[in-house]
Amino acid sequence: MSSEMLPVNEVAWQKKWADENLFKANLTGDKPKFYCLEMYPYPSGKMHMGHVRNYSIGDAVARYKRMMGFEVLYPMGFDSFGMPAENAAMSEGGHPHDITERNMASITQQIKRMGFSYDWSRTLKSHDPRYYKWNQWFFTKFFESGLAKREFAPVNWCESCNTVLANEQVKAGRCWRCNGPVEQKGMSQWFIDLPYYAQELLDGLESIKFPEHVKSLQRDWLGRSEGADITFQVVDSDLSFEVFTTRPDTLFGATFVTLAPEHPLSHQLVEGTEFETDWKALHDEVVNMSEFDRIKNMNKKKGFFSGRYAVHPLTGEQVPIWFGNFVIATYGTGGVMAVPAHDERDHDFAKMYEIPIKRVLVMSEGADADAPMNAAEVDDGWMVNSDLEGFDGLYGQEARDAVCNALESKSLGMRRVNWKIRPWLVSRQRYWGTPIPIIHCDTCGPVPVPEQDLPVELPRDVVFGQGNPLETSETFIHAPCPKCGGKGRRETDTMDTFMDSSWYFLRYTDALNDDACFEKPLADQWMNVDFYCGGIEHAQMHLIYARFMTKALRDLGLTSVDEPFKELLCQGMVNKSAPYCASCSVTHTVDRAGSPCPHCNQPLTERSAKMSKSTGNTVSPEAMIELYGADTVRLFILFAANPTAGMDWSDAALEANHRVMLQLQAMPEQLSQWKGEASSMDAWLVTRFKKRVHEFTDAMETYDLRRAVELSHYEIIKDINWYVRRGGENPDVAAGILPQWAQMISISTPHLAEEWWMELPERSESFAASSYLQSPQLVSDEEHLILAGEQYIRDFLEQARKVQNIAERHLGGSAASATVVLSPSWKREMARSALNFIHEGGHPKQFVPILAQMPMAQGERKGEMMGFWGKKMLPQVFKWDDESRQVILSSLDEKEVLEAASTFIASDLGLESVIVVEGESEDDTTERARSAMPLSPAIVYA
RNA sequence: GCCGGGGUACCCGAGUGGUCAAAGGGGGUGGAUUCAAGCUCCUCUGCAUAUUGCUUCGCAGGUUCGAAUCCUGCCCCCGGCACCA
């Protein structure tokens, strides 16, 4: 009984594993390597279900690979720099360092309670100077190579976080952390040249196994577009500017050009003219508008004429220069050629301000070049109305090439690939991050701190809450210039914490090295990460920065690795139902359950929603471990859904899984109490189990963890139940399957596996966790037949039960006996020749003449048989699975099998007797042979 | 608007041409066990039915001897990007 069973002492097993250093990776051994990694967590004080799911997946993979003979590197660490600790320090007092250390200690303990097989000896934390020293070292190298630069530029500023943000950290005009509005500010900031690797980042996506949607996300973010820069001279001046276009084929239709009001030339163009006031107004409006408001006002196109004209590079015509609020200063060149006939925005703009619209493409070959235009026609088309010879009639890419060639020969344009991705703004006006290792000197400018002076450590004498904290540290800011020795001032900005997480996976390969960031041979041998698991929320920040960094470090000569992660798995959300208003489409907090919707007063329903503190639908892992143990929580979380799918938390399902755990816990003892003899069923269970091991490894190889767990924790129990039902009770057989079974359950419920393992009379290793799973062998043909015979009985019983229900209604009471009518031999013969025919590539339709030639079809029943083929046998031939087909073609004798099992069948169906007869034979008095088919006999109850 | 992923029974969720009325789990149902509840085990869980037939995998068509699966069009959901020239 479950209540009498002692729970598994999980903590004791965890201690034993740790004492034995079981999971410490030996990076210089000769086993094949496997690097398994989860995205390292930010150390908030508490582990949440998302963590549990993430690590349960990773741990299952790590344990599996270890079992399969790989040396597995499976480390854990903390992304411990960042604003939450700093904000906590400000609101609650204390120091970010102490808060972080405290939180780390508490979450570490919770993670360890789950029994994950991490190599804790190489734990890293990004706020450790031994780690961030290398951030600084990389930065100085980037500075020297020009990859890191300080620039004055309009940047994203979040007022409430009091810092600048990278483009990637602005979501719909709002801060990714606090959701506050983001404004544009001109500031001098540090940038890293992400676009330098844009093409490689794009191409690299082809060679790595990332989920399709992550790749698509990254492609969007990189934003490659092919086009041309085209030069326009300003009339009556030496000035010229360039526009970027992806549609050079529409150049002849450019009836004006539009510049962003912030375009560097814009002020000069209007300075001292009547247009200056208008320009200033538009400029100020655009500059001061937060990106959020800008998106909101996206459709309100506004602009005005600058009073100046530009020269069309091919026709020499003069086209007016306009300013428009819809032109983005930082994309392309900050100016566009406006082709109202073939661009929707330009079309709207031209209509609004009555600028001529000139058709230069037609959408079907030879169409009317002067057809009126009611809307912009933006697709590729055939050139018309070109003002120069040699262009009309060209289409698409050919047209674009022709225009580009003409421009390039006049040096007024150039093909160019433009990227949406912009340099990575890495400086932050916050304290809790890596200090940027630069000293500003009045004579030498920004000078990197020399390697021997690294790390530049964070000072403790800072004041929080008054701007950039580092500026308040007197001990920090003053430093002599490393170059000239003169008076210098330290850079007070720190690095974006995404810098920390961009290379930590490399550091793990050599985490304790204080002389180098990592040894190249080690990193080369162990990279890339074979299996990387984490949340989708990092798809375009962390995963782009990390890929970038890997390439940048490679080019510093530190590794030979191109990509950090070979395969990425994004685990799904952990959800739980929460009150929901269907008519408002709003999820409410859990305390609203039972009351009506506060907006529309309708009763609330339930809907599954992401677990979150604000909704209140969270479940504490600690509480669940307390109740059921870590193994049960892990089993539930792996079994509830596929790793990538969203899963719903269900207390009922968790309990159900706990029952399975209890059942399994009792299993070795239960099996050891078997007292039976060897029986014909033994071979079946042994074979069946062999097949299960095979299926298990197949599932694990594709990271189909749900299926793997289903096999190890559910299917095998069912198999054993069947074996027992059929009279099997051989203790030797049980003892034979137990070791491998223990290994199978160890990937998801490792503590229970050790309990089993400990009881084994002969153990190859002291722990299940350190044992090797023998590679499964394929099931032989002979063994197939054993399985097939039993499968036949199971299928037969299922069918028999169905029929029995109906039959007993007819009989008006319980049936006492059954006559099993096997299919007549001619049906088997027909099936066999049809299967052979199709197997050899024959088309099912062509079997008819062959059947007509067969000896058995020559008698008076020919018509019946031909009809039977078309109506019954043809569909059935395809319904049989491969196994059934093999069985039909094999020597399996249905009669023999059923007769051997007839006692069992009778008792299982609650009958006194079961008789098996061959259909249409002398013994068959039932006249039911008509409905019997091979493998599917008719059953007559009486 | 563009890009990507989806829509399977009461719910979650397998399933990429025949093995499919459709795995597995949850829930429900009936039964065994029990003084009783829980636990555990078993049956059933689209409709009808002497073993078979009918209807069903977002909707509508098509290809095929055969479609949840392939093709075409449409609808809806989720995620991302978006005045990107």
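The basis for the numbers below is simple: all heavy atoms, side chains too, and nothing from hydrogens, waters or symmetry mates. We name chains A, B, ... by the order of the sequence lines, and we start the count at 1 in each one.
For the P atom pair drawn from B/rG79 and B/rA85, the interatomic distance equals 25 Å after rounding to whole Å. As rounded to the nearest Å, B/rG61 and B/rA67 have C1' atoms that lie 14 Å from one another. B/rG26 and B/rC41 have their P atoms separated by 10 Å, with the value rounded to a whole Å. B/rC20 and B/rG24 have their C1' atoms separated by 15 Å, with the value rounded to a whole Å. Separating the C1' atom of B/rU16 from that of B/rG25 is a span of 23 Å, rounded to the nearest Å. Rounded to whole Å, the separation between the C1' atoms of B/rG80 and B/rU29 comes to 45 Å. B/rG4 and B/rU56 are spaced 30 Å apart, taking the C1' atom of each and rounding to whole Å. Annotation: B/rG27 and B/rC11 have their P atoms spaced 16 Å apart (nearest Å).
For the pair A/Arg345 and B/rC84, the criterion of a side-chain N or O lying under 4.0 Å from OP1 or OP2 is met. An OP1 or OP2 oxygen of B/rC39 is reached within less than 4.0 angstrom by no side-chain nitrogen or oxygen of A/Gln663.
Looking at A/Arg726 and A/Glu790, a side-chain N of the basic residue comes within less than 4.0 Å of a carboxylate O on the acidic one, giving a salt bridge. A salt bridge does not link A/Glu715 to A/Arg688: none of the charged side-chain nitrogens sits closer than 4.0 Å to a carboxylate oxygen.
For the pair A/Phe244 CZ and B/rA85 P, the interatomic distance rounds to 7 Å; values are reported in whole Å. Rounded to whole angstrom, the span from the CG atom of A/Leu543 across to the P atom of B/rG80 amounts to 15 Å. For A/Glu344 and B/rA85, the CD to P distance is 13 Å, given to the nearest whole Å. Rounded to an integer number of Å, the gap from A/Ile536 CD1 to B/rG5 C1' is 10 Å. What separates CD of A/Glu695 from P of B/rA14 is a distance of 18 Å, to the nearest Å. Summarising the geometry, the separation between CD on A/Glu212 and P on B/rG80 is reported as 17 Å, rounded to the nearest angstrom. Spacing between atom OH of A/Tyr628 and atom P of B/rC39 amounts to 11 Å, rounded to whole angstrom units. Summarising the geometry, the separation between CZ on A/Arg794 and P on B/rU43 is reported as 10 Å, rounded to the nearest angstrom.
Of the listed nucleotides (B/rC3, B/rC83, B/rA85), B/rA85 has the atom at the smallest distance from the side chain of A/Thr245. Listed candidates were B/rG4, B/rC42, B/rC83. Nearest to the side chain of A/Phe326 is B/rC83. Listed nucleotides: B/rC84, B/rC65, B/rA85. Nearest to the side chain of A/Lys420: B/rC84.
Partner assigned to B/rA48 is B/rU52, using Watson-Crick or G-U wobble distances below 3.5 angstrom. As the counterpart of B/rG79, B/rC3 is assigned, both hydrogen-bonding distances of the Watson-Crick or G-U wobble pattern falling under 3.5 Å.
Contacts of A/Tyr792 classified as ring pair (Phe, Tyr, Trp, His ring centres under 6.0 Å), with partners at least two apart in sequence or in another chain: none. With sequence neighbours left out, A/Asp346 forms a salt bridge (charged side-chain N to carboxylate O under 4.0 Å, His left out) with no residue at all. Residues passing the salt bridge (charged side-chain N to carboxylate O under 4.0 Å, His left out) test with A/Glu377 are A/Arg359, sequence neighbours excluded. By the ring pair (Phe, Tyr, Trp, His ring centres under 6.0 Å) test, A/Trp419 pairs with no residue at all, sequence neighbours left out. Judged as a ring pair (Phe, Tyr, Trp, His ring centres under 6.0 Å), and not counting sequence neighbours, A/Phe210 has no contacts. Checked against salt bridge (charged side-chain N to carboxylate O under 4.0 Å, His left out), A/Asp380 has the following partners two or more places apart in sequence or in another chain: A/Arg247, A/Arg400. In terms of the salt bridge (charged side-chain N to carboxylate O under 4.0 Å, His left out) criterion, A/Glu729 has no residue partners (sequence neighbours excluded). Taking the ring pair (Phe, Tyr, Trp, His ring centres under 6.0 Å) definition, one finds that A/Trp221 meets it with nothing, sequence neighbours left out.
At a cut-off of 3.5 Å, with distance as the only test, no side-chain donor of A/Gln799 or A/Asp795 sits close to an acceptor on the other residue. A donor and an acceptor atom, one from each side chain of A/Tyr628 and A/Asn657, are nowhere located under 3.5 Å apart. A side-chain donor-acceptor contact under 3.5 Å links A/Thr330 and A/Arg422.
Ring to ring, A/Phe304 and A/Trp322 are not that close: their centroids are 6.0 angstrom or more apart.
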Pairs: protein N or O with nucleotides 54-58 of chain B N or O, under 3.5 Å:
none

All N/O pairs under 3.5 Å across the protein-nucleotides 66-72 of chain B interface:
none

If you restrict it to nitrogen or oxygen atoms, what contacts under 3.5 Å exist between nucleotides 47-53 of chain B and the protein, and what is each distance?
from, atom 1, to, atom 2, distance (Å)
B/rA50, OP1, A/His810, NE2, 2.3
B/rA50, OP2, A/His810, NE2, 2.6
B/rA50, O5', A/His810, NE2, 3.0
B/rA50, O2', A/Arg928, NH1, 2.9
B/rA50, N6, A/Tyr941, O, 3.0
B/rA50, N1, A/Tyr941, N, 2.8
B/rU51, O2', A/Gln799, NE2, 2.6
B/rU51, O2, A/Ile939, N, 3.4
B/rU51, N3, A/Ile939, N, 3.1
B/rU51, N3, A/Ile939, O, 2.5
B/rU51, O4, A/Ile939, O, 2.7

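Here the shortest heavy-atom pairing between A/Ala699 and A/Arg707 reads CB-CG, 3.9 Å.
Residue order along RNA chain B, read from the 5' end via each residue's closest nucleotide, puts A/Pro875 first among A/Pro875 and A/Thr330. For the pair A/Val877 and A/Leu874, nearest-nucleotide mapping onto RNA chain B gives the more 5' position to A/Val877.
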Contact string for nucleotides 24-29 of chain B, one letter per nucleotide 5' to 3', B = base within protein heavy-atom range under 4.0 Å, S = sugar-phosphate only, - = neither, reads SSSS--
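Rounding to the nearest 0.5 angstrom, the gap separating the CG atom in A/Leu407 from the CG atom in A/Asp229 is 10.5 Å.
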